[in-house]
There are 2 protein chains.
Amino acid sequence: MTDAPPETADIRIEDFLCFAVYSAGHAFNRVYRRPLERLGVTYPQFLVLVALWGEDGVSVGRLGEALSLDSNTLTPLLKRLEAMGFLTRRRSHEDERRVVVALTDKGRAAKGEAGDVMRCVFDAVGLPAPQFARLTGELRALRASLERAAAAA
Amino acid sequence: MTDAPPETADIRIEDFLCFAVYSAGHAFNRVYRRPLERLGVTYPQFLVLVALWGEDGVSVGRLGEALSLDSNTLTPLLKRLEAMGFLTRRRSHEDERRVVVALTDKGRAAKGEAGDVMRCVFDAVGLPAPQFARLTGELRALRASLERAAAAA
DNA sequence: GGCGATCAAATCGCACACGATTGAAACCGC
DNA sequence: GCGGTTTCAATCGTGTGCGATTTGATCGCC
């Protein structure tokens with residue numbers, strides 16, 4: 001009936017799933033901030049690097065697909081990462097519309113430092129691996145539902 | 001070991017809990033956008049209204065505590081809601097440092113329209129109420145862990 | 001081969017988030 | 001009471017997100 005349990009007459013924002021997701025996201029951002037300072041990148045920039053460590057040499061669009069972001073967000077972010085020397089942006093030859101994003105040596109090397117960062121965050125989460133994976137899966141399903149609904153509208 | 005399942009040699013951002021939370025948050029934002037257009041507010045502004053429907057006449061600090069936001073984010077947001085006539089901001093008489101935020105008639109009336117909005121979103125989530133509540137609780141616990149870790153650092 | 005539709009990235013404008021700083025009010029120990 | 005500390009909100013600068021639009025390249029249909 002509502003985003004909160006349906007019967008709540010008195011509204012408590014803590015019972016809203018959307019708020020739980022919203023505030024957990026901010027909390028992640030805050031936990032990542034400190035360890036990422038050593039790398040010199042922001043949390044969204046770090047996510048872009050993670051995506052590229054998984055699949056390098058992709059177009060802006062493909063990257064946006066992986067991250068659920070559009071070029072209006074990615075273009076300036078990628079320009080900052082390029083200015084810092086983590087990656088390069090080059091027009092594709094086969095299709096001049098596309099811009100191919102590729103890690104530099106520095107960008108690949110950062111993967112090593114990232115281990116420490118992720119160890120930090122894993123400790124902060126403090127969840128055993130199975131529950132960790134289950135929660136991740138449930139959120140992925142939630143996102144899929146929401147995206148389906150947003151596309152239908 | 002990492003934010004992803006520890007053994008993954010090939011990195012997949014989809015396996016990161018932080019990313020699952022991050023992208024689910026964006027998905028919520030996108031689902032809320034359309035229904036909230038009729039109300040004329042953004043998703044964060046809506047969350048402020050939800051918080052005030054639960055507890056009206058509170059200071060900026062108290063509101064920030066409920067929403068995990070600071071005055072640097074809330075002040076401009078509250079000014080916009082005030083300009084739109086949803087609430088008032090007045091210096092407290094007992095303590096001149098505080099600014100008390102209170103809903104106007106329009107702000108209270110919006111609670112009626114919000115029912116439709118939340119029905120929309122609940123359908124988009126498509127989860128039975130018990131799982132809904134459980135997931136909310138798990139995320140609340142996750143946030144608490146992350147905030148504890150961030151405070152310790 | 002030519003032209004409208006489509007597609008990819010960039011650009012623009014606005015609204016969050018948040019670290020850092022500022023300024024004013026209240027508190028506190030003496 | 002009075003000066004230092006703490007608290008509260010506001011301000012500033014930077015970096016996302018995202019709707020809307022623009023620019024340029026490709027595709028499709030003839």
Side-chain angles (χ1 to χ4, degrees), chain A residues 19 21-34 36-37 40-49 58-65 67-84 89-101 147 150 153, chain B residues 19 21-34 36-37 40-49 58-65 67-84 89-101 146-147 150-151 153:
Chain A
F19 175 72
V21 172
Y22 170 87
S23 59
H26 290 166
F28 260 124
N29 193 328
R30 288 190 277 267
V31 167
Y32 267 109
R33 188 173 301 270
R34 285 315 182 92
L36 286 179
E37 269 173 13
V41 299
T42 66
Y43 175 50
Q45 288 166 6
F46 176 71
L47 290 178
V48 167
L49 290 179
V58 294
S59 69
V60 172
R62 177 101 187 77
L63 202 52
E65 199 179 323
L67 295 166
S68 287
L69 293 174
D70 209 342
S71 65
N72 48 10
T73 298
L74 281 176
T75 296
L77 197 157
L78 292 170
K79 282 185 179 177
R80 282 181 206 108
L81 286 172
E82 185 181 35
M84 289 187 280
R89 295 161 57 247
R90 291 193 318 284
R91 285 276 160 194
S92 162
H93 285 301
E94 307 104 55
D95 187 340
E96 289 282 338
R97 288 173 305 181
R98 287 164 183 268
V99 167
V100 174
V101 180
E147 283 175 350
Chain B
F19 175 71
V21 173
Y22 170 88
S23 59
H26 289 167
F28 259 124
N29 194 324
R30 287 190 278 266
V31 167
Y32 267 109
R33 187 172 302 268
R34 283 319 182 90
L36 286 179
E37 269 173 13
V41 299
T42 66
Y43 174 51
Q45 287 166 8
F46 177 71
L47 290 178
V48 167
L49 290 179
V58 295
S59 70
V60 172
R62 176 100 189 78
L63 203 51
E65 198 179 325
L67 296 167
S68 287
L69 293 173
D70 209 344
S71 65
N72 47 11
T73 298
L74 280 176
T75 296
L77 196 158
L78 291 171
K79 283 184 177 175
R80 281 180 209 109
L81 284 172
E82 185 181 33
M84 290 187 280
R89 296 163 55 249
R90 290 194 316 285
R91 287 275 160 195
S92 162
H93 286 300
E94 307 104 54
D95 186 341
E96 288 284 337
R97 291 172 303 181
R98 289 166 183 265
V99 167
V100 174
V101 180
L146 292 171
E147 281 175 352

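Because the structure is predicted, anything quoted here is derived from the model rather than measured. Throughout, a chain's letter reflects where its sequence line sits, starting with A, and its residues are numbered from 1.
Within the 4.5 Å cutoff, no side-chain heavy atoms of A/Gln45 are placed close to those of A/Leu36.
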Problem set entry | Base-contact (B) and sugar-phosphate-only (S) positions in nucleotides 2-11 of chain D, heavy-atom cut-off under 4.0 Å, - elsewhere | -----BSBBB

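If you take OH on B/Tyr32 and CG on B/Leu47, they are separated by 7.0 Å, rounding to the nearest 0.5 Å. To the nearest 0.5 Å, atom OH of residue B/Tyr22 and atom CG of residue A/Asn29 are 9.0 Å apart.
Annotation: salt bridge (Lys or Arg N to Asp or Glu O under 4.0 Å) contacts of B/Arg33 (sequence neighbours excluded): none. Every side-chain contact (heavy atoms from CB on, under 4.5 Å) that A/Arg62 has, sequence neighbours left out, goes to A/Glu55, A/Val58, A/Ser59, A/Glu65. Looking at residues two or more places apart in sequence or on another chain, you find a side-chain contact (heavy atoms from CB on, under 4.5 Å) between B/Val60 and B/Ser71, B/Leu74, B/Leu78, B/Val99, B/Val101.
Remark: the backbone N or O of B/Arg97 is paired with a side-chain donor or acceptor of B/Arg91 at under 3.5 angstrom.
Distance OH (A/Tyr32) to C1' (D/dG15): 18 Å, rounded to an integer number of Å. The interatomic distance linking B/Glu37 (CD) with D/dA20 (C1') rounds to 12 Å, in whole Å. Rounded to whole Å, atom P of D/dG17 lies 17 Å from atom CZ of B/Phe28. What separates NE2 of A/His26 from C1' of D/dT16 is a distance of 11 Å, to the nearest Å. Remark: P of D/dG15 and CG of A/Asn29 are 14 Å apart, rounded to the nearest angstrom. A/Gln45 places its CD atom 9 Å from the C1' atom of D/dT16, with the value rounded to the nearest Å.
Phosphate proximity of D/dT16 to A/Thr42: present, with a side-chain N or O under 4.0 Å from OP1 or OP2.
Nucleotides of DNA chain C with any atom under 4.0 Å from a heavy atom of chain B span, from 5' to 3', C/dA15 to C/dA26.
Between B/Tyr43 and B/Ser92, the residue anchored closer to the 5' end of DNA chain C is B/Tyr43, taking for each the nucleotide with the nearest heavy atom.
For the salt bridge (charged side-chain N to carboxylate O under 4.0 Å, His left out) condition, no pair includes a residue of residues 69-81 of chain A, sequence neighbours left out.
Residue contacts for A/Arg80: at a heavy-atom cut-off of 4.0 Å it reaches a base atom on one of the strands shown.
Few gaps surround CZ on A/Arg89; more than 12 heavy atoms of other groups in view lie less than 6.0 Å from it.
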